[in-house]
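Here is the structure we will look at, set down as structure tokens.
Per chain, numbering begins at 1; letters A, B, ... match sequence-line order.
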2 protein chains.
Amino acid sequence: MDGRDTDIGSRLRRLREARGISLSALARSAGIGKATLSGLELGTRNPTLETLYSVAGALGVPLTALVLEPGAPPAEAVRVPGAAVTATLLEVFEEPTATFELLRMHVRPGVVQHSPPHAPGVTEHVTVYAGVLRAGPVDAPLVAGPGEHISWQADVPHIYSTVGPDEVLATLLIRSPRPA
Amino acid sequence: MDGRDTDIGSRLRRLREARGISLSALARSAGIGKATLSGLELGTRNPTLETLYSVAGALGVPLTALVLEPGAPPAEAVRVPGAAVTATLLEVFEEPTATFELLRMHVRPGVVQHSPPHAPGVTEHVTVYAGVLRAGPVDAPLVAGPGEHISWQADVPHIYSTVGPDEVLATLLIRSPRPA
DNA sequence: ATGGTTCGTTCCGTAAACGGAACGACCGGG
DNA sequence: CCCGGTCGTTCCGTTTACGGAACGAACCAT
């Protein structure tokens, strides 16, 4: 019953420590008591919605960042039946010279996904979060582990697959130059 | 102060009535009191996280469906007073070994943003969409143009600034290793 | 009419989330 | 050594969210 609260507690503590601010300081800027924040991070409290809004606001994150459910399926998932890759479009940027699509990408192990060539000049940029990804042109694929970033020209046939048994989680950025 | 609660209340009532179930029935299946649910829908209560989980579960919706405004503007921008950088959190990834925060970042020209060091091991990864960005450790900043990607260790003081008169648009990925 | 059912709200005692204060631990500076 | 400061936790009185019960209203069948 308190498992979820503990989840939120540890997630909250990591978010706070990632910013390098103290518990006292965060409590102060959030306008809540240190006891409240401490108990929240330790999972010994069942926070009120108002409290959650306060800390989320002080951290500068949306409330959903604190209450993210691990098992919740992403609503916008684009799933090609039987394919290795599932992608969720995060945002699209329309720039004068190009269009950018930022996606979150899952790659299931054991399958090699072939992708047809895109329009000329299109490049793909992947930042790997988890697992090891092998991706790129079919004749010259690249490999990237957690935290690494790879790019390639996508106007030729290219592939996505995992290296090893683990699922790959990454962000995929597709840059499509605007036809002049 | 209760504006947000009212928001959740009316959204909850809509979700319930869309399913054609009564307040009493939902309270029963959620295992909470009718008084609690009534007050929640009317916006006269400040619900506990546990209560929200119960209701969301009984409705068969993720918790974010109650908390997130579907048509809400991306009003999560984090603005440091008088600073050059405005960032919007796109997503948070919780991995066994690290936490990733993916942000969309704007950098205004003409100002140099100084950022204090983060926790040890934190790295930042930027993919530039538009403009030219100069960022990284204060003593060794990196430069990236559109489509380019740079990374650096963020556990030392670092800066963000533009090169040239144009605003910079980029994605910022912050990787915070989980303390072992 | 009348009894039985369910509706959503309000009342109320209890459990617990809240903030302030005190605590020991830790850290430079004098 | 001994401060003054900050750290995160714990203690404690106050506030309040909780569920059970009671309420009036609406509805239906007899």
Side-chain angles (χ1 to χ4, degrees), chain A residues 1-59 63 66-67, chain B residues 1-59 63 66-67 99 116-122 155-157 176-180:
Chain A
M1 145 198 320
D2 58 341
R4 284 175 166 148
D5 301 354
T6 310
D7 268 39
I8 289 196
S10 54
R11 173 160 37 237
L12 174 57
R13 177 155 290 190
R14 274 195 304 280
L15 284 172
R16 175 175 64 80
E17 292 180 341
R19 285 165 173 70
I21 60 180
S22 69
L23 186 150
S24 308
L26 179 58
R28 208 178 313 124
S29 81
I32 67 175
K34 298 200 303 180
T36 300
L37 184 54
S38 175
L40 218 175
E41 291 191 354
L42 294 175
T44 62
R45 292 222 185 163
N46 173 24
T48 291
L49 184 62
E50 190 178 355
T51 300
L52 287 174
Y53 270 122
S54 299
V55 295
L59 280 172
L63 183 51
L66 297 181
V67 299
Chain B
M1 155 201 303
D2 58 343
R4 283 172 167 151
D5 302 352
T6 310
D7 267 40
I8 288 196
S10 54
R11 174 162 36 243
L12 176 55
R13 177 155 290 190
R14 247 182 302 113
L15 284 170
R16 175 175 66 78
E17 293 181 340
R19 286 165 172 70
I21 58 182
S22 68
L23 186 150
S24 308
L26 180 58
R28 208 178 314 123
S29 81
I32 67 174
K34 298 200 301 178
T36 300
L37 184 54
S38 175
L40 217 175
E41 290 190 354
L42 293 174
T44 62
R45 290 223 185 163
N46 173 23
T48 294
L49 183 62
E50 189 178 355
T51 300
L52 287 174
Y53 269 122
S54 300
V55 176
L59 280 173
L63 180 52
L66 297 181
V67 161
T99 298
H118 294 179
V122 173
D155 51 9
V156 297
S176 305
R178 195 175 300 258

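B:Ser24 meets the side-chain contact (heavy atoms from CB on, under 4.5 Å) test with B:Ser22, B:Arg28, B:Lys34; sequence neighbours excluded. Taking B:Ala35 as the reference, B:Arg45 meet the side-chain contact (heavy atoms from CB on, under 4.5 Å) condition, with sequence neighbours excluded.
Rounding to whole angstrom units, CG of residue B:Asn46 and P of D:dT16 are separated by 10 Å. Rounded to whole Å, atom P of D:dA17 lies 8 Å from atom CD of A:Glu50. For A:Leu26 and D:dC7, the CG to P distance is 11 Å, given to the nearest whole Å. As rounded to whole Å, 10 Å separates atom C1' of C:dA17 from atom CG of A:Leu40.
A distance of 7.5 Å separates CG of A:Leu66 from CZ of A:Arg11, quoted to the nearest 0.5 Å. Rounded to the nearest 0.5 Å, atoms CG (B:Leu26) and OG (B:Ser38) are 12.0 Å apart.
Contact check, A:Thr48 against C:dC18: a side-chain N or O comes under 4.0 Å of OP1 or OP2. Checking the phosphate oxygens (OP1, OP2) of C:dC18, a side-chain nitrogen or oxygen of A:Thr51 falls inside 4.0 Å.
Nearest approach of A:Ile21 to A:Arg16, heavy atoms of both residues: O-NH1, 3.0 Å. The shortest heavy-atom contact between B:Ser29 and B:Ala58 is OG-CB, 3.6 Å.
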Between the protein and nucleotides 7-14 of chain C, list the N/O to N/O atom pairs that are separated by less than 3.5 angstrom.
| residue | atom | partner | partner atom | Å |
| --- | --- | --- | --- | --- |
| C:dC7 | OP1 | B:Ser22 | OG | 2.6 |
| C:dG8 | OP1 | B:Arg16 | NH1 | 3.2 |
| C:dG8 | OP1 | B:Leu23 | N | 3.2 |
| C:dG8 | OP2 | B:Leu23 | N | 2.7 |
| C:dG8 | OP2 | B:Ser24 | N | 3.2 |
| C:dG8 | N7 | B:Lys34 | NZ | 3.4 |
| C:dG8 | O6 | B:Lys34 | NZ | 3.2 |
| C:dT9 | OP1 | B:Arg13 | NH2 | 3.4 |
| C:dT9 | OP2 | B:Arg13 | NH2 | 3.3 |
| C:dT9 | OP2 | B:Ser38 | OG | 2.7 |

